[in-house]
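What's counted below: heavy atoms across the whole structure, side chains too, no hydrogens, waters or symmetry copies.
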Amino acid sequence: MDAAFSKFFDSIGSFFGGGDQIPWCDRDIIAGCEREVAEAGKDGSDEQKNESIMRLSWALVHSRQPEDVQRGIAMLDASLVNSSSPLQQREKLYLLAVGHYRSGNYSRSRQLLEQCLEIAPDWRQALVLKKTVEDRIAKDGVIGIGITATAVGLIAGGIAAALARKK
């Protein structure tokens, strides 16, 4: 019986908490990636520099800090037009989708994932994130409907109480 209660409360917690499987990135990893980009800019090839920038972008969009996520989104947006191969474009679109998901912009994240899946329709990572995004959109809708219904109920109850007092 305790296991059933535990499972029930875990499902409630994941409903309100999100419960996605996207990894987080710490500040020290971001700092290391920033140093790597700086070093590659000084004496590295263009390929090394681009790879370093992609690692930094990955770290930024996986950060817990909203300003890092926004910085990662800006970097990826700026570099998207310079994508020379479909694989690079797919990777950048996916990372942009992660960044927008982390920022709470779920509809933009879904649009980017759909573009990503046009390039690679069977890419499991993008499919999993798209399902996570769609689940989050549905949960937000359910929560929004619940809040609206509660507000309407409170207003109706207040009106009914006011009318009852008048009589």
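With contacts defined as side-chain heavy-atom distances shorter than 4.5 Å, the pair Arg102/Ile22 qualifies. Annotation: side chain of Leu113 is in contact with side chain of Ser109 (closest heavy-atom distance under 4.5 Å). In this structure, the side chains of Arg136 and Tyr106 come closer than 4.5 Å at one or more pairs of heavy atoms. The side-chain heavy atoms of Val133 and Gln111, taken from C-beta on, include no pair separated by under 4.5 Å.
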Candidate pair Lys49 and Glu36, rule salt bridge (Lys or Arg N to Asp or Glu O under 4.0 Å), full reasoning:
CA-CA 8 Å; Lys49 185 177 178 182; Glu36 186 182 324; over 6 Å; no
Dump the intermediate steps for salt bridge (Lys or Arg N to Asp or Glu O under 4.0 Å) on Lys131 and Asp135, then the final yes or no.
CA-CA 6 Å; Lys131 182 178 180 340; Asp135 289 349; 2.9 Å; yes
Stepwise side chain to side chain contact (heavy atoms under 4.5 Å, CB included) check, Met75 with Leu96
CA-CA 9 Å; Met75 287 176 66; Leu96 274 168; over 6 Å; no
Go through it in stages, so that I can follow the logic: the residues are Trp123 and Cys116, the test is side chain to side chain contact (heavy atoms under 4.5 Å, CB included), and I'd like the CA-CA distance, side-chain angles, deciding distance and then a yes or no.
CA-CA 9 Å; Trp123 192 26; Cys116 184; 3.4 Å; yes
Show your reasoning for whether side chain to side chain contact (heavy atoms under 4.5 Å, CB included) applies to Trp24 and Arg64.
CA-CA 7 Å; Trp24 294 101; Arg64 292 184 186 271; 3.0 Å; yes
Applying side chain to side chain contact (heavy atoms under 4.5 Å, CB included), run through Val69 and Leu60 and close with a yes or a no.
CA-CA 5 Å; Val69 175; Leu60 289 169; over 6 Å; no
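Counted by atom type alone, Ser84 and Gln88 present one or more donor-acceptor pairs between their side chains at under 3.5 Å. Side-chain contact of Gln21 with Thr132: a donor-acceptor pair under 3.5 Å is absent, judged by distance alone.
Within the model, atoms NE2 of His62 and SG of Cys25 stand 8.0 Å from one another, a figure rounded to the nearest 0.5 Å. Atoms CD1 and CZ, from Ile30 and Arg35 in turn, are 12.0 Å apart once rounded to the nearest 0.5 Å. Atom OG of Ser57 is separated from atom CD of Glu91 by 11.5 Å, given to the nearest 0.5 angstrom. Atom CZ of Arg55 is separated from atom OG of Ser52 by 5.0 Å, given to the nearest 0.5 angstrom. To the nearest 0.5 Å, the span separating CG on Leu117 from OH on Tyr94 amounts to 10.5 Å. Rounded to the nearest 0.5 angstrom, Arg90 CZ and Leu95 CG are separated by 10.5 Å.
In terms of heavy-atom proximity, Ala59 sits nearest to Ile29 at CB-CG2, 4.5 Å. Closest heavy-atom contact between Ser107 and Ile137: N-CD1, 4.4 Å. Between Pro86 and Ile119, the shortest heavy-atom distance links the atoms O-CG2, 3.7 Å.
Trp58 and Leu80 fall within the same hydrophobic cluster, defined by Ile, Leu, Val, Met, Phe, Trp and Tyr side-chain heavy atoms under 4.5 Å apart, directly or through other members. Linking ILVMFWY residues whenever their side-chain heavy atoms come closer than 4.5 Å, directly or via other members, leaves Val98 and Val128 in distinct clusters. In the hydrophobic clustering of this structure, Ile53 does not group with Val61; members are Ile, Leu, Val, Met, Phe, Trp, Tyr whose side-chain heavy atoms approach within less than 4.5 Å, directly or through other members. Note on Leu127 and Leu112: separate hydrophobic clusters, where clusters join Ile, Leu, Val, Met, Phe, Trp and Tyr whose side-chain heavy atoms are under 4.5 Å apart, directly or indirectly.
Heavy atoms of other residues, nucleotides or ligands lying less than 6.0 angstrom from CG of Asn82 number more than 12. Glu47 CD: 12 or fewer foreign heavy atoms inside a 6.0 Å radius.
Checked for salt-bridge contact, Arg27 and Asp68 meet the test: a charged N lies under 4.0 Å from a carboxylate O. Using a cut-off of 4.0 Å between Lys/Arg side-chain N and Asp/Glu carboxylate O, Arg108 and Glu114 are scored as not salt-bridged.
Remark: side-chain polar atoms of Lys92 are paired, donor with acceptor, to backbone N or O of Ser79 under 3.5 angstrom. Listed for the Ser63 side chain is a donor-acceptor partner under 3.5 Å among the backbone atoms of Gln65.
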